[in-house]
Amino acid sequence: MSAETNETVSLEPRAEVSTVVARFEIRWSRFLDPTGKAIRPLPGLARDAAELKALYRGMVLARSFDAKAVALQRTGRLGTFPSALGQEAVAVGLAAAMHPDDVLLPSFREHGAQLWRGVSPFELFMFWGGDERGSDFAAAREDFPVCVPVATHAPHAVGVALAFKLRREARAAVCVFGDGATSKGDVAEALNIAGAWQLPAVFVINNNQWAISVPLAHQTAAETLAQKGIAAGIDSEQVDGNDIVAVREAVGRAVAKARSGGGPHLIEALTYRLGDHTTADDASRYRDDAEVSRRWAEEPIARLRQHLVAAGLWHKEDEERLLAEIAATIEAAAAKYLATPPQSPDTIFDFTYANPPEDLAEQRRAALAAAAE
Amino acid sequence: MSAETNETVSLEPRAEVSTVVARFEIRWSRFLDPTGKAIRPLPGLARDAAELKALYRGMVLARSFDAKAVALQRTGRLGTFPSALGQEAVAVGLAAAMHPDDVLLPSFREHGAQLWRGVSPFELFMFWGGDERGSDFAAAREDFPVCVPVATHAPHAVGVALAFKLRREARAAVCVFGDGATSKGDVAEALNIAGAWQLPAVFVINNNQWAISVPLAHQTAAETLAQKGIAAGIDSEQVDGNDIVAVREAVGRAVAKARSGGGPHLIEALTYRLGDHTTADDASRYRDDAEVSRRWAEEPIARLRQHLVAAGLWHKEDEERLLAEIAATIEAAAAKYLATPPQSPDTIFDFTYANPPEDLAEQRRAALAAAAE
Amino acid sequence: MAEVTLVQAVNLALARAMSEDAAVVVLGEDVGAEGGVFRATDGLQRHFGADRVLDTPLAETAIAGLSVGLAAQGFRPVAEIQFTGFIYPAIDQIVNHASRLRTRTRGRLTCPLVLRAPYGGGIRAIEHHSESPEAIFAHIPGLRMVIPSSPSRAYGLLLAAIRDPDPVVFFEPTRLYRAAREEVEDDGAALPLDRAFVLREGSDITLVTWGAMTMETLAAAERLAEEGISAEILDLATLKPLDVGAVLASVGKTGRCVIIHEAPLSGGVGAEIAARLAEGALVSLLAPVERVAGWDTVMPLPRLERHYLPSTARILAAARRALAYQ
Amino acid sequence: MAEVTLVQAVNLALARAMSEDAAVVVLGEDVGAEGGVFRATDGLQRHFGADRVLDTPLAETAIAGLSVGLAAQGFRPVAEIQFTGFIYPAIDQIVNHASRLRTRTRGRLTCPLVLRAPYGGGIRAIEHHSESPEAIFAHIPGLRMVIPSSPSRAYGLLLAAIRDPDPVVFFEPTRLYRAAREEVEDDGAALPLDRAFVLREGSDITLVTWGAMTMETLAAAERLAEEGISAEILDLATLKPLDVGAVLASVGKTGRCVIIHEAPLSGGVGAEIAARLAEGALVSLLAPVERVAGWDTVMPLPRLERHYLPSTARILAAARRALAYQ
Ligand SMILES: Cc1ncc(C[n+]2csc(CCOP(=O)(O)OP(=O)(O)O)c2C)c(N)n1
Ligand SMILES: Cc1ncc(C[n+]2csc(CCOP(=O)(O)OP(=O)(O)O)c2C)c(N)n1
Ligand SMILES: [Mg+2]
Ligand SMILES: [Mg+2]
C-alpha cells in the first residue's frame, strides 16, 4: 500500500482542515532615511547632540582605521585584512548601545565596535599584523578577541551570558556575526540555548548581503535573517543597519532588556559591504559594480553627517578638526605598530599551558637554539 | 559615551517606529480525535477502507516488533533497544505517504516506517542484535540505515534530495528525527540548504516530547518545533502525530509537492513516548507516571481501531486474525535471527575499503589467527 | 573511606570539586534529574541545584562552545559528552578555541574547562558507543588528554583536571565503570596530570597501556609471572602531555616493550610512544617495539567486538615475540 | 603539455574528472563564480554549469553531510573546505558516516567522496589558515588521507582520489600552490593512492616527508650532497594507508631516518612512521629516528611562524645528528 493511491491535490494545509497555533511577525525600523532626514520622531539618544557627534566620530574613526589598514596591507606591512567599509553604523551603533561591563563577542569585521569599546588601533594593527599581543587588550579586558572561524563565537556568547545569569549580574553578552554565519549550525544552537535558558545575550546579524562571493539570495530562502530567531523562540527584529540611530536604538532596547532579565534578542542589521571581502579578494569577479555604486547612496557616515549638518550641529570646521584629530590618532598607532619588533621566538611557547610540561621546555630550548643560528 | 545615557524604556520595537516586513503562521491539523471520531471531512485516503486497514496493520506490526525486541533484550538476546511505543502513527503514516522510489532517512526509532518500506523484522533484529548484516536491506536498497548520532542524517537527506534534483528525478528524500534533534546545528544547516536550493526533501519531526530525560520545555523556547522551518524559509506545519490520517495526509501533501518540484517541507508530528527512552533507561527517574497514563488515552492504534470499528470496517475476528498473523511473522523473524550465527571474525575487515591496503590484509590474517586460538 | 566503583569515584570527585569551588558547574545532556546515563552525575543536581548542574539541549557543538564562554568568565565548567561517539561536533570548539584561548590572548582569557566522556568498547553497546578517539585529542597543543583506569585514579585525576587552569578532555572507560570497587578516600587529594602510574613493577618487559586495557594487560602480566617472567605495567593515564620519561626509564630497564590500546593501530597514541622509544631508547631496546591495538577497521557491532579489542592472548603473543627476540 | 602550477594542476584534474564522469560534482563555499579563494575551481562553473559546480551556504557540517548523501546516491562529490582550519565541523560526518557507510551497510551504500582543503603554513595567513591537521584523518579507518607536493602529483593523485570508491581527504599545500610550475600532461592518468614517491635516491640517510616540507627537505638534501652525503627523500603523499614498505625498504638501505612534517610533533603522522621503524627496522637502524616537526604549541600568527615551521637548518641538524651517531 504505497502513496501511488494518494490523490491529494492541495499542497498546503487547507484552512478548513487546520487551525493556526502560532503567529509571528518581523518588524523593521529606521529613523534616518538615506539623506539623513528623520522619517519619524527620533529616540532620546538621537536628541542628544553630544551622543550623535560621538557616534559620528566612532564611524569616521572606524573608516579611517580601515583605510589605513588596507594601505598598510597593500604595501606589505599588514596581513590580509577585512575592511568594514560601509558597515560602520552596525559596529559603532551596537557598541555605543552596550554598557562598559557588557561583553562584546565580535566576528572579524567589527573594528568599529572594538575601537569604541576601548581596544586601541595599535592593538588592532598588531593583531592584523600577525602578532598575538594585539589580542591582549589593555581595555575591555573581558571582551573576546576577533573570531576568525565563522559563527563559532556564538556559543561563547551563550556561555558568557550564562555566567552573568548564574552570578546574577545585570550584564549582557553582545555577539555579532554576518549573514553567511546564520547558515552555520553554531548560530542555531546558540540562539536555541539562549532562548531555552532566557540568557542575557544579544545577537546582532551584520547583514552586508554577501559572504565573500555568495549573495544572500543563495545563502538562504528565508525572507529575513531576523526570522532565524523564531526557530529559537526569541524576540527578533530587523533594522536599517546604515542608520546608526536605528541600530543604536534597537540594540539599546535589547541590551536593556537583557540586563534587566528579559532574555535574549536577535537583531538583523541590514547594511552593505562596499569593499572587497578582504584585501585578498577581488569582488569584481562576482559582483556588479553598478550594485555597489547604488549602495554608496545609502552609506551611514554621509547619512548622519547630512543629518547633523541639517540640524546645524556640524560644520566644515568640525569635520576638518575631526578628520585631523583622527588621522593623527591612526597614524600614531600605525607608527607605533610598525616600530614594534616581533616577540622573541620562544614566546611561541608562552601561554600554550599555564603549567607547561618538561617536554615543551625542551622544545623551547631547541626553538631558541634554532632561531639563534 | 556609553549606554549609561540610554533612557530607552520600551523593550519592543514600537509600532509607530517600525513596520512589519514578514509574517508567518504555523497551522495544526487533525482528522481523528482521540476517540477515533472524525472531527472534519476525511481526506480521500481515509475513505479507502483498504488503505485504512493497511495503516492499522502497519501500526500493529510496529508495536508487536517493538514488544518482541524489548522481550529479547530483557532476556539478554538483543542489544539496547529504543521502543517506539505510542509513536506508531508517525512512522507508519509517513512511510505510507512515501512512494517506493522515495528514500527514507530514519533516526533510530522509525522501525514502523522501515517495516512498511520493506525492511524485514529479521533485518531489524539483526541490526539491534549487533550484526552489520541487518543494515544490508534486501528491499528499500536505497534507504539509509538507522542513524544513531542524533540529527546527523539530516544533511544526508539534503544530499539525497540534491541527487534527485540534479538527475531531474521526481522523487523525495524523507528524513525523520526527534524533538531533541531540532536543537542540533545539523538540522538547521540541512533545513537551510534544502530551502536555499528548493530540494525535494521532506523533514518530519517525531516530537515525542522527550529527549531521554529532557522535556521539550527545556529543549527550546520555541512555541512549536514546526517553526524551526521558518528560519530556513521553508513551508512548515504541525500535525497530530497520534492521528495517522493526519500524518498520512500531511506527509502525502509534502511528498507530492517535493516530487513535483515544489521544494522542501517540514512537518512536526506531535506524539508521545509512552515507554522508556531505551531498554537501558528508566523513565520513572525523571518522568511522572500520571503524565504517561494521561497520554495513553491519545495513543494512535486504539484511536484508529475505534474509528474502523465505528465505521463497521473492523470486527473482533479481524483483530484476532491480524494479531495471529503478525505474531507469527514476528516470531518467525526472531527465531531466524536467534538461529543466525555471527559472521566470521575476519568479516570485520570486509567493507572497510573497496580496495584494502596490504597492511590491512596482514591485520586480517592476524585477527583470524587470534580468533582461532 | 568507602569501597566505590569508578563511576561512583567520578561522582565523588565532581561533588568534592563543586563543594570546594563555587565556580565549578556541571553541564551536559541528561546530567540533571537523570544523573547521567551512567549515573556519573547522580544526585548532584538535587544537592547543588539546577544552577550548578545544567541539563543542556541536545547540541554538542554548543555544549563545548558555551563551556568556553563560561570558562573565559572564570567558571570551571565540567561538561559531559554522553559518549565519545558524539564528541566530534565539539572538536571545532576544542581545537580552534578551548586549546587556544590562552595563547591567542596572551593569557588575558583562559579556558579551564573539562570535557568528560565515557569511552571504549566491551560493553556490547550499540553503534558509536564503543570507540576510543583519544589520539585525536592527544595531538592538540594546549589541551590535556586524561584517562583513568581505577576508581582512585578516576577520583584523583578528575579533581586535578577540574583544578587545572587549562582545558582537559577526560575519557572514562565504560567497561570499568562498575567492573570493580576500590577504597577511595574522599579527601580532595588530586593526582598529577603528567605522571604515568606503575601498576606493577617488573624487570623483563614493559607493558604500556591505559583505560580498560589495563585489565587484559594485568591478566597477561599474571600469566607471564606464572612462567617466571616479570612484566612492568605502566598506566599512562595522561596521554597529553605524555610522561615520556617514565616509559624511557622502564624500557631502559627492561629493554622490551609492548604498547596496548583499544583505538585503531595506525595513528593511535601507541605510535607516539613507540616513536619516542625509537628516538630515545634505541640503545636499550633489545627487541622491536610491539603494539597490540584495535585493527585499522571500523569498530564492529557487538557480535564481533571481542575479536576487535586486544585480548590477553594477543598481548601475551606480542610479549612472547618481544621476549623471544634475540 | 603545459607548464602549470599546483593549483592549476588541481583545476585540470577537476575539469578532467568532470568531463570523464557526469557523476562528479564540485561543491563548497565560493567555488562557483569566484572559482575558489585560491582559484582551484576557476572556470569550472562557467564550463560545467551551476548544476555541477555548486556554491554552498556557509556550513561545513552540511557540506560534508550532504556529500555523504550525494555519494550514497552514486554521485562523486568533490567538496572544498575553504581552509583546513574550518574542517573541524566536518569531522563528525567524516568519522561517523563517510568512513563507515560501506562497512555499516555491508557495501549496500558507499561513499566515494573527496574533501579537498588547502593546508599548511608559510604564507603569512591570518589565524586558522596555516594548520596541518592531517594526523587526525590518518587515524580514521575507512578513510584515505592524501597530500600532493608537486603539480604532477596533485593532478594524478586528485584524479585517483576522485575515482576511488571510498572517501578521501585531500590536503593541498597552499605554500606550493604557485611556488613552482611543472609540465603536466592532462592525459587523465592517475597516480597510485598507496605508494610513496622517491623524490631523490640516496644511500646514506632517508628523509621522509610530504606536502610543502618537501621544499626544505630537498634543500637540505642538496646541502648534504655538497658535503658528499647522499640522502634519499620519500614523499609519502598518501598518509592513510601508509606505504610502510617504502619506508622500511629505504631505511633498510640507509640505516638512518629523519621524518619531517609541519604538524605538531606529538601524535603527528611522523609518530606512526617512527613506530613502524621501531617495529620493523630495529636491526637496520644505525641511529635513533629523528623527527623534525612543528612544536607542540599552537601555530603562531605570521610574525613568528617561520620559527614554528621546520627549517632547512633544523632538518640538517637532525640529519647530522643521525649521521654522526655511532
Ligand atoms: C567556519 C568557516 N568557514 C569558512 C571560513 C572562510 N570565510 C571567512 S569569511 C567568510 C564569509 C563570511 O560571510 P559573513 O558571515 O556574511 O560575514 P562577512 O564576511 O560578510 O562579514 C568565509 C566563508 C571561515 N572563516 N570560517
Ligand atoms: C549527537 C548525539 N548526542 C547524543 C546522543 C545520545 N542520545 C541518544 S537518543 C538521545 C535523545 C534524542 O532525543 P530526540 O531527538 O527527541 O529523539 P527520541 O529519542 O525522543 O526519539 C540522546 C541524547 C546521540 N545519540 N547523538
Ligand atoms: Mg556578509
Ligand atoms: Mg524525543
Side-chain angles (χ1 to χ4, degrees), chain A residues 103 105 127 131-138 141-149 151-168 173 175 184-186 188-197 199 201 343 347-360, chain C residues 22-23 25 27 51-52 54-75 77 89-90 92-93 95-113 141-144 164-167 193-194 238 240-245 276:
Chain A
V103 166
L105 297 101
F127 172 76
D131 192 312
E132 284 80 2
R133 289 171 292 182
S135 292
D136 184 10
F137 310 150
R141 299 282 297 167
E142 292 180 59
D143 280 8
F144 269 54
V146 158
C147 183
V148 171
T152 56
H153 56 313
H156 302 162
V158 172
V160 171
L162 176 59
F164 296 157
K165 181 167 188 169
L166 294 179
R167 285 195 300 249
R168 296 177 175 53
C175 182
K184 210 150 169 297
D186 309 49
E189 292 189 3
L191 291 174
N192 184 64
I193 298 179
W197 293 349
L199 300 176
Q343 309 174 86
T347 57
I348 288 173
F349 295 81
D350 297 342
F351 306 112
T352 301
Y353 296 97
N355 314 311
E358 289 158 22
D359 219 24
L360 213 54
Chain C
V25 294
L27 60 134
D51 262 17
R52 293 188 61 195
L54 300 99
D55 271 328
T56 63
L58 207 168
E60 282 77 10
T61 300
I63 287 172
L66 76 89
S67 295
V68 171
L70 269 177
Q73 271 291 313
F75 278 88
D92 188 27
Q93 287 290 336
V95 174
N96 279 342
H97 292 296
S99 66
R100 292 168 187 241
L101 201 52
R102 177 185 298 278
T103 290
R104 176 180 292 150
T105 63
R106 302 281 87 186
R108 180 173 63 86
L109 297 178
T110 64
C111 198
L113 68 82
L143 203 64
R144 290 182 193 274
D164 191 84
D166 292 307
L193 285 185
D194 51 9
T238 297
K240 174 80 176 179
L242 264 183
D243 184 359
V244 179
R276 297 296 182 130

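Hydrogens, waters and symmetry mates are skipped; everything else that's a heavy atom, side chains included, is used. Chain naming here is simple, since letters A, B, ... match the order of the sequence lines and numbering starts at 1 in each. Here the structure is a predicted model, which means the values were calculated and not measured.
- Proximity to chain C (any heavy atom under 4.5 Å) is shown, for F144(A), by both the backbone and the side chain.
- Heavy atoms closer than 4.5 Å to chain A are found in the side chain of Q93(C), but not in its backbone.
- Residues passing the side chain to side chain contact (heavy atoms under 4.5 Å, CB included) test with T110(C) are R102(C), P112(C), sequence neighbours excluded.
- Looking at S67(C), neither its backbone nor its side chain comes within 4.5 Å of chain A, counting heavy atoms on both sides.
- Taken to the nearest 0.5 Å, the CG atom of L199(A) stands 11.0 Å off from the CZ atom of F164(A).
- Taking each heavy atom of D186(A) and A151(A) in turn, the nearest pair found is CB-O, 3.4 Å.
- Within the 4.5 angstrom heavy-atom criterion, atoms from both the backbone and the side chain of F137(A) approach chain C.
- Residue V148(A) does not touch chain C at all, counting heavy-atom pairs closer than 4.5 Å.
- Between atom CZ of residue R104(C) and atom OG of residue S99(C) there is a gap of 8.0 Å, rounded to the nearest 0.5 Å.
- The distance from the CD atom of E132(A) to the CZ atom of F127(A) is 9.0 Å, given to the nearest 0.5 Å.
- Taking D51(C), I63(C), L58(C), L193(C) one by one and counting their heavy-atom pairs under 4.5 Å with chain A, the maximum is reached by D51(C).
- For the set E358(A), K165(A), E189(A), the entry with the most heavy-atom pairs within less than 4.5 Å of chain C is E189(A).
- A salt bridge is absent between D194(C) and K240(C): the closest approach of a Lys/Arg side-chain nitrogen to an acidic carboxylate oxygen does not fall below 4.0 angstrom.
- Of the listed residues V244(C), L242(C), V25(C), L143(C), the one with more heavy-atom pairs under 4.5 angstrom with chain A than any other is L143(C).
- Neither the backbone nor the side chain of D243(C) comes within contact range of chain A; no heavy atom of the residue lies under 4.5 Å from a heavy atom of that chain.
- Scanning both residues, L105(A) and H156(A), for their nearest heavy atoms gives CD2-CB, 3.6 Å.
- Contact of D359(A) with chain C is made through the side chain alone, with heavy-atom distances under 4.5 Å.
- When each of N192(A), D143(A), V158(A), I348(A) is scored by its heavy-atom pairs under 4.5 Å with chain C, the top score falls to D143(A).
- For chain C, the nearby parts of N355(A) are the backbone and the side chain; heavy atoms of each come within less than 4.5 Å.
- Between the side chain of D166(C) and the backbone N or O of A354(A), at least one donor-acceptor pair lies under 3.5 Å.
- Per-residue counts of heavy-atom pairs under 4.5 Å with chain A were compared for R144(C), R52(C), Q73(C); the largest is that of Q73(C).
- In this structure, R100(C) contributes its side chain and A98(C) its backbone to no donor-acceptor pair below 3.5 Å.
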